[in-house]
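Before any comments, here is the structure.
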2 protein chains.
Amino acid sequence: MRVERPHRPGDVAAGLPADRAAAIRLAALRLFAAQGYRATTMADIGAAVGIRGPSLYKHVSGKQVLLAELMLGTMDTLLAMHTEAVDGVTDVTERLRRAVEAHVRYHARHRLEAFVGNREIGSLEQPGRVLRLRSTYERGFRELIERGVAEGVFAVRSARLASYSILDMGMGVANWFHDNGEFSVDQLAYQYGDLALRIVGKAG
Amino acid sequence: MRVERPHRPGDVAAGLPADRAAAIRLAALRLFAAQGYRATTMADIGAAVGIRGPSLYKHVSGKQVLLAELMLGTMDTLLAMHTEAVDGVTDVTERLRRAVEAHVRYHARHRLEAFVGNREIGSLEQPGRVLRLRSTYERGFRELIERGVAEGVFAVRSARLASYSILDMGMGVANWFHDNGEFSVDQLAYQYGDLALRIVGKAG
DNA sequence: CCTACCGATCGGTAGG
DNA sequence: CCTACCGATCGGTAGG
């Protein structure tokens, strides 16, 4: 009978993986972000967790699956944050603000996931599911803006351009945000909420 | 004495390359955009212009040089368009509008260049020059916004966030724009000019 | 512009 | 979790 090494109390709070499979996924995320999916080898990922490349196959089923699960998890989390953010909020201005704040918060807190998710779509052998989730996510913003226009609260020439603009500027956060920078995640989310409301013609 | 095949009058207008080296660069651009730099082989590029991989080396010096020249050309063109757009314009609102329109026009007209330029920075062995050009370009927008704020024409909490937002939403155009879509390049540029002015607090 | 080929790399498997 | 290894790929060169 074997006894597992107990996790020290600080591990989860420090973002340390609870088991080897989680450590492998984290290492893969970091390497995919830093070097690109194709430039990252199974040996690289193994070295990052202290084992050889072939030993990874005892914990994960392959490099492509690592990428696919990473990108599906990204979209699931983003959609869940969006749903929770707007849940129960009826006022369309407040709904848009909260949706934008969740969007920006995700891209600041999960920089690497967002970065890999946006850059490596072409590296997925079966991108269908991820693309469908992205489409659903984008539609949520467009419909929200269209509703605001219908209610006479927002004023835009094109709801599509407004939603693309808001989503694209939020995704850009993943490219330049750093902790210990000028703004905290909360400050950033609030200010992007303001900018989004300006875009839809609702002066702050 | 050999006689070159004369270029038919329509070639340049149709975007057809004038010589083999240009055809190779265009094929490389398209393949880098569609498959990624690392997934594109010299054999792929050769096949796209009707020759074998090794024959490419009579016209270009290598795959990495193809990428580096492509990305440097992208930044040179973008900076030149920016300079020409704001040249001689003193009013800060009009300067920002024209700068944004040039930015959006570039990302709509040169979708593939912008797409590759944004995705493959990590594939450059010597990214220094390209990064410096990008930094210069971004600084132009930030200083323009700071000037508008100083003149009391713009109102933003952070010129940096405003410039990042405007640049990021314009870069996003390269990800979804298609000819024969809802908007022409000119219409798109104008509407993004409006959105940018809203972001800086100058109602249209 | 071609074929032949070098040297290196890589994902994944075999077998322990 | 390891070493040994398979099968395939690739950028670039040699030599014509």
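Model, not experiment: these values are computed from the prediction.
D/dA4 atom P lies 20 Å from atom CE of A/Met42, rounded to whole Å. In this structure, A/Leu66 atom CG and C/dG11 atom P are separated by 11 Å, rounded to whole Å. Atom pair B/Leu56:CG and D/dT13:C1' shows a separation of 14 Å (rounding to whole Å applied). When rounded to the nearest whole Å, the span between CD1 of B/Ile24 and P of D/dG11 equals 14 Å. The separation between A/Glu125 atom CD and C/dG12 atom C1' is 13 Å, rounded to whole Å. Distance B/His59 NE2 to D/dG12 P: 16 Å, rounded to the nearest Å.
At the heavy-atom level, B/Ser61 lies nowhere under 4.0 Å from the strands shown. Among the atoms of the strands shown, only primed sugar atoms or phosphate atoms (P, OP1, OP2) are found under 4.0 Å from some heavy atom of A/Lys63.
Side chain of B/Glu120 to main chain of B/Tyr37: a donor-acceptor pair is present (N/O by atom type, distance under 3.5 Å, no hydrogens or angles).
When the side-chain nitrogen and oxygen atoms of B/Arg38 are compared with OP1 and OP2 of D/dG11, none of them lie within a distance under 4.0 Å.
For B/Tyr57, whose side chain is taken as the heavy atoms from C-beta onward, the closest listed nucleotide among C/dG11, D/dG12, D/dC1 is D/dG12. Closest to the side chain of B/Lys58, out of D/dG12, C/dC1, D/dC1, is C/dC1.
The rotation axes computed at either terminus of the helix from C/dC1-D/dG16 to C/dG16-D/dC1 lie 10° apart, taking five pairs at each end and rounding to 10 degrees.
Aromatic pair A/His103/A/Tyr137: ring centres closer than 6.0 Å. Taking the six-membered ring wherever Trp is involved, the centroid distance between the rings of B/His82 and B/Tyr106 does not fall below 6.0 Å. For an aromatic pair to be called close, the ring centres must be under 6.0 Å apart, and B/His107 with B/Phe177 fails this.
Summarising the geometry, atom OG1 belonging to B/Thr40 is positioned 8.5 Å from atom CZ belonging to A/Arg38; distances are rounded to the nearest 0.5 Å. Within the model, atoms CD1 of A/Ile45 and CZ of A/Arg25 stand 12.0 Å from one another, a figure rounded to the nearest 0.5 Å.
A side chain to side chain contact (heavy atoms under 4.5 Å, CB included) with A/Leu67 is found for one member of A/Leu29, A/Val116, A/Leu72 and no other, namely A/Val116.
Closest of all the heavy-atom pairs between B/Val86 and B/Ala99 is CG1-CB, 4.0 Å.
Remark: A/Arg97 qualifies as a cation-pi partner of A/Tyr190 under the 6.0 Å distance and 45° angle criteria applied to the six-membered ring.
Against DNA chain C, the stretch residues 45-55 of chain B makes heavy-atom approaches under 4.0 Å through B/Ile51, B/Arg52, B/Pro54, B/Ser55.
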